Amino acid sequence: MDSVIDARHVSEPGLVVLDITAADEETALALMDELQQLWATSGITAIRRDPAQPGVRARVHADIRRTNPRGEAGLPQDGEEQAATADQ
């Protein structure tokens, strides 16, 4: 992806921009769907094919501070530790 990443998309800890390269559209779509189940994301975004480059590409913006729907903690923030649960 040659497009410039806007500073607001990474303006604070926990905000990320993910450039995805996959073998095919189905794989890229499956990954974007899984990512949006884990974090607040820009959702399923446009998929591009670049001539002379293998596979397909997409870009996703995500906030990894949000916990996933099952209530499991996301990545720990500064000064936080992940607590062990009885299931582990």
Side-chain angles (χ1 to χ4, degrees):
M1 310 240 110
D2 293 330
S3 60
V4 176
I5 295 172
D6 191 305
R8 70 180 168 200
H9 293 130
V10 291
S11 62
E12 54 189 271
L15 301 180
V16 298
V17 177
L18 304 166
D19 286 329
I20 298 167
T21 302
D24 54 43
E25 289 184 25
E26 183 177 307
T27 303
L29 290 170
L31 175 63
M32 288 187 280
D33 183 53
E34 288 296 320
L35 290 173
Q36 72 181 357
Q37 302 304 314
L38 293 173
W39 303 314
T41 73
S42 53
I44 306 296
T45 61
I47 295 175
R48 292 177 280 293
R49 287 191 182 274
D50 295 330
Q53 294 292 323
V56 297
R57 290 174 174 59
R59 176 171 282 172
V60 175
H61 301 92
D63 181 347
I64 64 171
R65 300 168 295 186
R66 189 190 94 179
T67 56
N68 69 26
R70 293 177 295 219
E72 297 169 2
L75 296 178
Q77 299 298 308
D78 290 340
E80 289 183 349
E81 295 181 23
Q82 285 187 317
T85 64
D87 295 336
Q88 293 180 332

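All residue numbers refer to positions in the sequence shown, counting from 1. Keep in mind that this is a model prediction, so the values were computed, not measured.
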Donor-acceptor pairs are to be reported for all side-chain atoms of residues 25-33 against protein atoms at under 3.5 Å, with residues two or more places apart or in another chain.
residue	atom	partner	partner atom	Å
T27	OG1	D24	OD1	2.7
D33	OD1	Q36	NE2	3.2

Which atom names give the shortest non-hydrogen contact between I47 and A58, and what distance separates them?
CG1-CB, 4.4 Å
Heavy-atom closest pair, residues A46 and R48:
O-NH1, 3.6 Å
E12 vs R65 side-chain heavy atoms within contact, under 4.5 Å
yes
Below 4.5 Å, heavy atoms only, C-beta onward: do I20 and L35 meet side chain to side chain?
yes
Look at R57 together with D50 and state whether they make a salt bridge at an N to O cut-off of under 4.0 Å.
yes
Linking I/L/V/M/F/W/Y whenever their side-chain heavy atoms sit closer than 4.5 Å, directly or via other members, would V17 and L15 fall into one cluster?
no
Among T41, V16, L38, the one residue meeting side chain to side chain contact (heavy atoms under 4.5 Å, CB included) with I64:
V16
Using modelled atom types and a 3.5 Å cut-off, is there a donor and acceptor pairing between side-chain atoms of S42 and backbone atoms of H61?
yes
